[in-house]
Each structure stands twice: as structure tokens, then as C-alpha cells.
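Below, chain A is the first sequence line, B the second, and so on; all start at residue 1. Fair warning: this is a prediction, and the values are worked out from it, not measured in the lab.
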There are 2 protein chains.
Amino acid sequence: MSSRFADVKRTPSGEAVRHALADMLHRGAIGLLRGIKVADQETGISPPRLSALSVLVFAGPQSLASLAAAEGVKPPTMSKLIAELEAASLVQKSPDPEDGRGLIISATTKGRKIMLQGRDRRLALLRERLDGLSQREIARLDAAAPILLKLAQRP
Amino acid sequence: MSSRFADVKRTPSGEAVRHALADMLHRGAIGLLRGIKVADQETGISPPRLSALSVLVFAGPQSLASLAAAEGVKPPTMSKLIAELEAASLVQKSPDPEDGRGLIISATTKGRKIMLQGRDRRLALLRERLDGLSQREIARLDAAAPILLKLAQRP
DNA sequence: TTGACATAGTTCGTTAGGCTAACTAATAAT
DNA sequence: ATTATTAGTTAGCCTAACGAACTATGTCAA
């Protein structure tokens with residue numbers, strides 16, 4: 001056991017490390033979402049809708065198809081989600097001026113506000129946990145987070 | 001704006017960074033799990049069932065209620081999931097010898113085998129993604145992963 | 001000891017969110 | 001100009017979640 005850990009230290013990109021890393025990321029992702037779910041529920045917006053809204057806020061206005069792709073969902077599913085978000089005045093559909101078939105979907109001010117409030121609640125929840133970490137640990141998380149995102153966005 | 005970024009650089013645990021960090025971790029976790037969902041589908045077992053099975057394999061035989069609690073789900077939901085897993089001979093229900101109302105639910109050998117295969121596939125998919133990263137990126141992820149786990153495991 | 005209450009699990013009916021297939025409308029291509 | 005392709009929607013189905021109501025068993029106190 002200890003010799004394997006020694007190997008790990010010496011070859012940080014080797015099989016053993018990747019195996020362990022994959023496992024840690026997997027369990028970490030599951031645990032993190034479980035803990036954060038509560039905060040999202042408080043927004044009154046369901047997770048799929050909140051997530052779509054988040055994409056619109058951070059990535060900007062876009063077509064239904066690209067939004068569906070970003071969310072890993074098929075167009076009919078996104079169509080329904082958007083219809084519901086629109087009914088709640090959280091997003092807005094406008095015709096694409098360059099393509100009569102297309103739409104430009106954007107977050108409304110209200111949608112943006114609610115989404116950001118939800119993020120604040122998540123943060124508050126995370127902060128409790130972050131308080132147990134050193135600045136060094138937080139810095140390491142911060143350095144890794146963009147890589148995690150990149151990993152997550154490569155399908 | 002650039003002055004805010006300067007602040008961020010100087011105080012890596014400040015408000016702005018934590019906001020961004022919370023959001024990145026959130027979206028990263030969602031994207032990561034979405035990406036490896038496919039592996040679960042290959043088992044022929046739905047994610048909730050596979051997850052319940054996983055609890056049974058790793059935490060051992062237990063009552064329906066505790067299983068439901070472990071999965072963050074209500075008893076009726078778990079009751080149905082278990083009925084389906086039982087029909088597929090992946091779990092087994094036996095009466096609780098100490099309580100005539102209760103059940104002891106356990107994974108069968110078949111269930112255990114299939115669950116472990118599924119997990120291997122999931123991790124293999126994650127490892128494939130890791131292969132697309134540079135050694136430096138992997139090192140950063142590796143440095144952060146235990147912190148992520150620590151964060152995730154504090155409910 | 002027995003009647004009242006509590007608990008474990010199930011059944012029922014509803015809702016949300018995902019899919020595919022089939023449709024309409026607009027654009028692109030031959 | 002006709003045909004094929006593409007964007008989005010509608011319809012119909014499935015799974016998984018919930019709460020309410022039910023059954024059966026266990027617990028407790030009068």
C-alpha cells in the first residue's frame with residue numbers, strides 16, 4: 001500500500017493516479033451536488049430550468065439548439081423548459097433576424113436576478129464548508145476549477 | 001473591471017473568487033456527471049437503481065427507510081426502485097428478524113457484479129477525458145481532488 | 001390486556017422531465 | 001422550382017419523484 005503511494009508521488013500522471021483521480025472526482029461531484037441541491041430548491045426553480053437559465057446568463061443569448069446542446073438535452077426537452085421559463089418571465093424569445101426559423105433566447109432581468117440569488121445561496125452553503133479550509137486549499141481548488149469545467153464540457 | 005480582477009489575484013479567498021468558484025464547481029460537477037451518464041446506461045440499469053445498488057454494495061444490507069435516506073429519496077420511491085431491482089434479481093428482500101414490519105435489503109451476487117462493472121465503466125470514461133489534459137492540468141486537478149472530496153463529504 | 005398511537009412499507013394518483021416520431025415553417029441546394 | 005435540410009414545436013410515451021392514504025406490525029399506558 002505505501003509503496004503504491006510512493007509510485008503515485010513519483011509519477012503524478014500515471015495510471016494509478018488517474019484511476020484514483022477519476023474516482024475522487026466522481027465521488028466529489030456526486031457529494032457536492034447533493035449538498036448544493038438544497039440551495040437550488042429555495043429558488044423555486046427546478047434544477048434543469050435553473051441550469052438552463054445559468055447558461056443563458058453566463059454564455060449569453062443563444063438559439064434553442066445550442067442551449068439544448070449545452071445542457072446535454074434534446075431540442076424538444078429544451079423547448080418545453082424554455083416555454084416554462086418564458087411563462088415565468090425569466091427568459092425571453094425573440095426571432096433571429098438572420099434566420100426566420102431560429103430564435104434568440106435570452107435571460108430577462110428578473111431571470112438574471114433570480115439566478116444570481118440562487119448562486120449566492122449556493123455560495124453561502126459552500127462557504128460554510130470552505131471555512132474549514134486553508135487559503136492554500138482554496139487556492140488549489142480555484143486553480144483546478146477551470147480545468148474541472150473544461151473536463152466537464154468535453155463531450 | 002480590471003481593478004476587480006486585480007483584487008481577485010491579490011486575495012484568492014475573497015468574495016469575488018468564492019462566487020466564481022462556487023459556480024464553477026457547481027457547473028463542473030453537473031457537466032462531469034452528465035458526461036459519464038452514458039456508462040451507466042450501458043449497464044441496462046437506470047441511474048437511481050444503480051445508485052441504490054451501489055449503496056447496498058458499499059454500505060451493506062439495510063432497511064428500505066435507511067436506503068431511501070441514503071439516496072435522498074422518500075420511502076415510496078425507494079420501494080418501487082427496490083421492487084424493480086428485485087424483479088431483475090439484483091437485490092434480495094428478507095424479513096427483519098427483529099421487526100416483523102421491517103425488511104433487510106441486500107445486493108445479490110449478480111447485483112454486486114453488475115454494479116462494480118458499471119462503476120468501472122464510469123471511471124474508465126472519466127479517465128479517457130483526463131487523457132485529454134496536460135500533465136500540469138492533471139497535477140492541478142490531483143492537488144484539488146482531495147479537497148473537493150473533503151468539501152463534498154461534509155454534510 | 002387491550003385500545004390508542006406510532007412506524008415500516010406499499011399502493012395510488014399526480015407531476016416533472018426526458019425521449020422519439022411526426023409535424024410546420026423557413027432556408028439551402030440542385 | 002422542386003427537393004432536401006434545418007429550427008423549433010407538438011404529441012405520446014416512459015421513468016422517477018412526490019404526498020396521501022392504506023395495511024400490518026410493534027409499543028405503550030390506562
Side-chain angles (χ1 to χ4, degrees), chain A residues 30 33-34 37-38 40-56 61-88 90-106 155, chain B residues 30-31 33-56 61-88 90-106 118:
Chain A
I30 288 173
L33 290 183
R34 183 170 301 157
K37 196 169 60 178
V38 199
D40 287 348
Q41 287 169 349
E42 288 172 15
T43 63
I45 307 175
S46 70
R49 293 179 208 178
L50 195 59
S51 184
L53 191 53
S54 164
V55 170
L56 287 176
Q62 56 195 288
S63 73
L64 187 144
S66 73
L67 193 52
E71 287 296 273
V73 134
K74 301 294 177 183
T77 299
M78 188 52 67
S79 178
K80 213 179 160 195
L81 290 176
I82 290 302
E84 291 153 343
L85 284 170
E86 191 189 24
L90 301 173
V91 308
Q92 204 174 352
K93 288 197 269 192
S94 16
D96 184 336
E98 295 181 356
D99 188 334
R101 299 165 299 180
L103 294 173
I104 302 290
I105 301 161
S106 51
Chain B
I30 287 174
L33 294 182
R34 178 156 53 222
I36 59 185
K37 195 168 61 176
V38 253
D40 288 349
Q41 290 167 350
E42 288 172 14
T43 63
I45 308 175
S46 71
R49 293 178 209 176
L50 197 59
S51 183
L53 190 54
S54 162
V55 171
L56 287 176
Q62 57 196 285
S63 72
L64 187 145
S66 73
L67 193 52
E71 287 296 273
V73 134
K74 301 294 176 184
T77 300
M78 187 51 68
S79 178
K80 213 180 161 197
L81 290 176
I82 290 302
E84 291 153 344
L85 284 170
E86 190 189 24
L90 301 173
V91 309
Q92 203 174 353
K93 287 196 268 192
S94 17
D96 184 335
E98 296 180 355
D99 189 335
R101 300 165 299 180
L103 294 174
I104 303 289
I105 301 161
S106 51

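Side-chain contact check for A:Leu53 versus A:Val91: some heavy-atom pair is nearer than 4.5 Å.
Distance, B:Leu67 CG to C:dA8 C1': 14 Å, rounded to whole Å. In this structure, A:Ile82 atom CD1 and D:dT10 atom C1' are separated by 17 Å, rounded to whole Å. If you measure from atom NZ of B:Lys93 to atom C1' of C:dA8, you get 12 Å, rounded to the nearest angstrom. Taking atom CD of residue B:Glu98 and atom P of nucleotide C:dT7, one finds them 18 Å apart after rounding to whole Å. Distance CG (A:Asp96) to C1' (D:dG8): 12 Å, rounded to an integer number of Å. Atom-to-atom, CG of A:Leu50 to P of C:dA16 comes out at 16 Å; the value is rounded to the nearest Å.
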Next item on the list: Do nucleotides 14-25 of chain D as a string where each nucleotide becomes B, S or -: B if the base has a protein heavy atom under 4.0 Å, S if just the sugar-phosphate does, - if no protein is that close.
Entry: --SSBBB----B
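Within the helix from C:dT1-D:dA30 to C:dT30-D:dA1, the inter-axis angle between the opening and closing five-pair segments is 10°, rounded to 10°.
Listed by chain and number, the residues in a side-chain contact (heavy atoms from CB on, under 4.5 Å) with B:Pro47 amount to none (sequence neighbours excluded). Every side chain to side chain donor-acceptor pair (under 3.5 Å) that B:Asp99 has, sequence neighbours left out, goes to B:Arg101.
Within the model, atoms CG of B:Leu50 and CD1 of B:Ile45 stand 5.5 Å from one another, a figure rounded to the nearest 0.5 Å. Rounding to the nearest 0.5 angstrom, the gap separating the CG atom in B:Leu103 from the CD1 atom in B:Ile105 is 5.5 Å.
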N/O donor to acceptor pairs below 3.5 angstrom from side-chain atoms of residues 66-76 of chain A, sequence neighbours left out:
| unit_1 | atom_1 | unit_2 | atom_2 | d |
| --- | --- | --- | --- | --- |
| A:Ser66 | OG | A:Gln62 | OE1 | 2.9 |
| A:Ser66 | OG | A:Ser63 | O | 3.2 |
| A:Ser66 | OG | A:Ser63 | OG | 3.3 |
| A:Glu71 | OE1 | A:Ser51 | OG | 2.6 |
| A:Glu71 | OE1 | A:Ala52 | N | 3.4 |
| A:Glu71 | OE2 | A:Ser51 | OG | 3.4 |

Contacts under 3.5 angstrom, residues 79-87 of chain B side chains, donor-acceptor by atom type, not counting sequence neighbours:
| unit_1 | atom_1 | unit_2 | atom_2 | d |
| --- | --- | --- | --- | --- |
| B:Glu84 | OE1 | B:Arg49 | NE | 3.3 |
| B:Glu84 | OE1 | B:Arg49 | NH2 | 3.2 |

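When all heavy atoms are compared, the tightest approach of B:Ser106 to B:Leu56 is C-CD1, 4.3 Å.
A close approach under 4.0 Å does not occur between any side-chain nitrogen or oxygen of A:Ser79 and OP1 or OP2 of D:dG8.
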